[in-house]
Structures are given as C-alpha cells and as structure tokens.
Amino acid sequence: MCGIAGLALRKPDSVLRDKFIRLSLEHLALRGPDAHGHETYRPLPDVAVDLIHTRLSIIDLAGGAQPMADAQGAIVFNGEIYNFREQRDPAFSYRTTSDTEVLLHALGAGGLPALNRMEGMFAFGYLDQTGKRLVIARDEFGIKPVYFYKDDERFAFASTLPPLMALSKKEINPDSLVEYYTSRGMRSSHTIFKDVIEVAPGYAFVLDLETWTLESLKWVEPRRLDPVRGTETELLDQLEHILDASVKRHLISDVPVAALLSGGIDSSLMTAFAARHTNHLAAFTIGFRDKTYDESQHAAAVAQRYGLRHHVMYCEDDEFIGLIADWPLIMDDAVANPSTVLLYALSRFAREAGYKVLLAGEGADEFFGGYHQQWRFAMARKLNPAARHFPVIAQGLEKLAPHRTRLVHAARLATGDCAFHGTSMIVEPWLAPELFAVPVGEAPFAKSLSEALLLDQGYRLPDDMLTAADRATMHASVEARVPFVTRTVANFAAGLEDRHLINGFSQKVILKKLARRHIPASCIDRRKVGFDLPLSRWFRTSLKERLLDALANTWQRDYFRPGALDKMIDWHLSGRTNIPDKLWAFYLLEHNVRALRAIA
C-alpha cells in the first residue's frame, strides 16, 4: 500500500515540476512512510515523465522498491494483488518476490486485459515505453483511488487531490456540489473542482505521449450475474467457502495483520474466519463511555471466543473534536461521513500498537442488503400499491412538518413514485430543488431491490465507504483490506433471491444465518449501530460555535437559495429536528475547499 503520483510535460517547466514533486512527497508521506522513490523518464525526446512513490512496506519488504522498471515500461503501484504468486509467469525470471513486479510484467506482456486475472485492490500509473503511452487505472470496485489533471501541455496524476493543486484552477464544479449534498460524496469521475478527474472503478485512462490525446477505457470484463440456487444448507456452505477463501487471501502479508472488530455481524464473521488461518490475530475496537453508542462488549465476546488479543480505544467528545481541525485535508475528496474520523483514530491506535494491515468489513451491507434505507425501500414497495391512493398523506406532512425531511421522504416513497435514491442520501430528492440555486439533475435511482443494491455498490461503495476508509487508514499509515469486496462475493450475492437478503423485518438474512455458526447470538440479535456518533448533541453544544463561524460567510451560500442554509441550521439548533448529517456535510466541505485552495 502506497502513495503514487506522476507528471508528464511536453515542455520543460522546472518551477511546476519542483512544486509537484514537493507536494507529492509531502502529502503522500503518511501513505508511505517506509520509503520514497522518484525517477524521471524520457519516452520521447520532448516529453519528460516523472514517477513518484511513497511506500508502506507490506510484501517483499526488501525487494519491492518503486518506481519499478523493466524493458517494456515502469510502474508506480498502490494496493495489493492477493493472487500474485499464481500469476507469476513460469517462463520469466523475476528479480523480486513482490506483487508489483508481477503486475509490471503482466502489463508489459498482456496489457490492460491482464488486470482481469488479478485479484486485489489497486491504482497505478504505468509508463509504456514501447507504446509511448502513460496509463492510469483503478480496480473494479474502486477500493484504491487515483485522480488526474490534463491540459494541452501537462498531465498529472496522484492518489489524493493535494498534489494536483499545483495545476488546478480550483473552480467549483456545481454538478459535483449537488452530488455531494445529495449523496454524501462526489460520484466518479467528478471531484469538487472542474479540472480534476477521478478514475472510475474498472476504468483506465491512456495518454498517447506523441499525440497528447487521452482515451478512457473500461478494462474490467462484465460480471456474470447467474442465479444462485440450492437448499439453505447448500447456500450457507457455499457462502462460507467463498468468504473463508477471501479472508484467507486477504491475510497474505509479510507483516502482522489485525482486524477492525465492531462487534457487528460483518466484522465479527470476518474475524472468525481470519482466526482460522492465523494464531496471532489481534482485534481493534472503538468504545464509548456513553452506552448508547458503545459496542465494545459485543466485540469482546467475539475476541474471547477466538482467543484474540483485543485492544479497545475509548473515544470521548474532546478527542473527536481535537481531530476535526486536520480532518478536511485528510478527507481531501470530501465524504460527509463523520464516523470516518473514528476509523482514523482507531487506525492510529492500531499503528501505534505495531500493526500496518487491518481487515475491515466494508461491502457486506452493499452486497447483502444490510442498510436501513434498503429495508425501508423494500417496505415502501410493498405498501405502495395501496398507499399510493392517498398522496394527501405526504402532501400534508410536507406542509405541516417540512423539517421532518426523512419522514416526508418515506411518505413520498410509500404514496408516490417508489424509487430508491441510495443509502448515502443526505438531502432528499423532494427537498433539493427547494434548497439549491443551481440546477438539480435527475440522480440515479432504482425500482427493485436488486437494482437498489447495485446502485449502492456502484456509488455508495466506491464514492463513499471505500474513499473514506482509504483516507482514514492511509493517513494513519495503515492498509485497510476488505474481504467482502471481491468479484466472487459480489457475484454470489447478486445471484441470490431477494428473500435471502431482505425478508420481512430481517436484513442480511443469509449472512446472519451463516453468522450463527460462528459468532455469539448477542452480536446478531440486536440493533445495528456501527460507528455512530452523538453529532446531534455536539452541534448544539461543543461544536455549535465552530459550525456557526464556518457557515457565516461560506462560499456555499452562492449555491443555495436565499435563507435556505440558515433555515436548516435553525431547524437543528432549535431542536425542531435532528439533521446532523446535513450540517456535517456543509461544515466539512467548507473547510475542505479552504484547505485545498490554501495549498501552494
């Protein structure tokens, strides 16, 4: 796991080059604190390409230094290829035992189609010396990020946004802004600035260094969504085999691996499988003195069952608030998920305990139907045939209690056009036109449960959960691995009938049944909590002044209708409703843009 960056210039520009290299090494240092490398290549007489790498050493500690080059090209690579040993070419003599060299050779021999054989997470920049091309690519689920900038003379890419601030004009993209307010993050390939692009999951961009033309290619082969059928026992056995094999692959490492253990179903099941394959597994949990939010006792039950070294970090109000000052630049591609701050704190705790690699349970909810919003949509679909004859219910709620935005949305689903707009929704579709002074286009939506899950897999997973997890862990110099996010798991879940996912009042039906084989019932038969935070209270107390100061003269007001922002702040501070998710989105983005624009 690493930080990567690159700069291609058609004309010499030593000032820009020095600035970009400095920003890259500075802002990617925590992604790769163990070593850094920089090489300059001249694929053409008038074109210079700089490749920059900061390394978090995990596989082949002695031999995996980057940039890495061979006769065909050179690469800077962020991520892990878990099946790299199986992908080694028996006819080729490798110099190292790293996955980087396996990827480098595969690209030189087979091009982008070779990526379909790789199981793992990755983003890379590859200089094809033979073809005179510079290629950047991202894994099919978007676990690892990469961004770029291009104009007529310059092309740059990086793992994060700060290095690209050396080139960007930093003009707000209104389309990205609306996506952020409605979906908690910008959708690939948008970022907050017009001229900075994120590579979408499963895509590559190829820059022809001779013609300076840029081509977008979808390298990933289409997923096969075949039906998965069998008796309950057969399905459970099949899922157990798939998850166990995935977790085992994700344990490949030359440094110790630990698990992020919340005590919920996903992390507990993942930890149970990991404990099968290593005798030295540790688990890390975040705890709260406020028992409303604390799950540490459930995590402790799992750790005790499997004999794990269990580390619990208790988080207090002042500890969270102390992290806020630096957070907007850490979360440079803004995702308005406040719980990610806790993931960052826990990752630092794990790193201080000597761990560089953490297993995480992201992806299970997207694939197996674990979110409350997905369940509400499933219920609304059942109610809709009868309830849609009474649209007056939603109309009345909107008139009498517009501040109850979630309740109005639920009523509109049940009585009107029953469409799912994603689990990450912050500003509801009915409310958006009333708030924003910029055009609000039609956002992606789903009409069936299977479509709803695919929608969350396509947007929430890469643009929210995985982006946030990448920043929170990598800024702590820790690699997060996500065993639920693999093609095998995704294909199995997509082939299941709806009743194995959401059935009546039950969610993640098949995953819960599998969990009963391995984890205490107390971890299964309880309300889903996750990394929830008491933000509603904090915005009325310890964070109130920071919120008001940040939004008093914010640039965001240019994109809202007059009075709209103040109305929402008042709704929350007066206690009429709880909308901390909306306030956090406004607060984070304000400081995020300030921090990016200040980079010089």
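Start at 1 with the first residue, then count along the sequence.
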Side chains of [X] and [Y] in contact at under 4.5 Å (non-hydrogen atoms):
| X | Y | answer |
| --- | --- | --- |
| H36 | R55 | no |
| F484 | M270 | yes |
| M121 | N78 | no |
| T340 | Y344 | no |
| F122 | K144 | no |
| T191 | I197 | no |
| Q556 | F586 | yes |
| F367 | F492 | no |

(request) Take the angle between the ring planes of F445 and H421 and call it parallel below 30°, perpendicular above 60°, tilted in between. (result)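 Because their plane-to-plane angle lies in the 30° to 60° range, the rings of F445 and H421 count as tilted.
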
(request) Tell me, please, which residues at least two apart from R561 pass salt bridge (Lys or Arg N to Asp or Glu O under 4.0 Å). (result)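 Result, salt bridge (Lys or Arg N to Asp or Glu O under 4.0 Å) vs R561: none returned.
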
(message) If I compare all heavy atoms of R22 with all of A600, which pair ends up nearest, and what's the gap?
(response)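 Distance-wise, the nearest heavy atoms are NH2-O, 3.0 Å.
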
(request) State, to 0.1 Å, how close S183 and R187 come at their nearest heavy-atom pair, and which atoms those are. (result)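 Result for this residue pair: OG-NH2, 3.1 Å.
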
Side chains of residues 199-210: which donor-acceptor partners sit under 3.5 Å, not counting sequence neighbours?
| unit_1 | atom_1 | unit_2 | atom_2 | d |
| --- | --- | --- | --- | --- |
| D208 | OD1 | E210 | N | 2.9 |
| D208 | OD1 | T211 | N | 3.1 |

(request) Please report the C-alpha distance between R17 and D13 in whole Å, then the side-chain angles of each, then the deciding distance to 0.1 Å, and finally whether the salt bridge (charged side-chain N to carboxylate O under 4.0 Å, His left out) criterion is met. (result) CA-CA 6 Å; R17 181 174 177 270; D13 189 335; over 6 Å; no

(message) Less than 4.0 angstrom from a charged side-chain N to a carboxylate O is my criterion; do D266 and K508 meet it?
(response)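 Salt bridge: yes.
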
(message) So that I can tick it off, tell me whether E479 and R351 are bridged by a salt bridge, with the cut-off set at under 4.0 angstrom between side-chain N and carboxylate O.
(response)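 Salt bridge between R351 and E479, a charged N being under 4.0 Å from a carboxylate O: no.
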
(message) ring-ring contact (aromatic ring centres under 6.0 Å, His included) for F157 and Y147? Distances and angles first, verdict last.
(response) CA-CA 5 Å; F157 67 89; Y147 306 82; over 10 Å; no

Residues, nucleotides or ligands: over 12 heavy atoms within 6.0 Å of [X] [atom1]:
| X | atom1 | answer |
| --- | --- | --- |
| K447 | NZ | yes |
| H38 | NE2 | yes |
| D152 | CG | no |

(request) Determine, step by step, whether D34 and K356 satisfy the salt bridge (charged side-chain N to carboxylate O under 4.0 Å, His left out) criterion, reporting the C-alpha distance in whole Å, the side-chain angles of both residues, the deciding distance to 0.1 Å, and the verdict. (result) CA-CA 11 Å; D34 296 330; K356 290 182 179 182; 2.7 Å; yes

(request) Apply ring-ring contact (aromatic ring centres under 6.0 Å, His included) to Y126 and F77, showing your working. (result) CA-CA 8 Å; Y126 173 68; F77 159 55; over 10 Å; no

(request) Report the C-alpha separation of F155 and Y149 in whole Å, then their side-chain angles, then the decisive distance to 0.1 Å, and conclude whether the ring-ring contact (aromatic ring centres under 6.0 Å, His included) test is met. (result) CA-CA 6 Å; F155 178 87; Y149 167 97; 8.7 Å; no

(message) Once salt bridge (charged side-chain N to carboxylate O under 4.0 Å, His left out) is applied, what residue pairs with a partner in residues 586-600 remain, sequence neighbours excluded?
(response)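 Passing the test, one end in residues 586-600: E590-R594.
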
(message) Please evaluate residues D175 and K194 with respect to the criterion salt bridge (charged side-chain N to carboxylate O under 4.0 Å, His left out), reporting the C-alpha separation (whole Å), side-chain torsions for both, the decisive distance (0.1 Å), and the verdict.
(response) CA-CA 9 Å; D175 293 334; K194 292 179 179 179; over 6 Å; no

(request) Drop me the distance from I426's CD1 to T405's OG1, to the nearest 0.5 angstrom. (result)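 If I round to the nearest 0.5 Å, the distance is 11.0 Å.
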
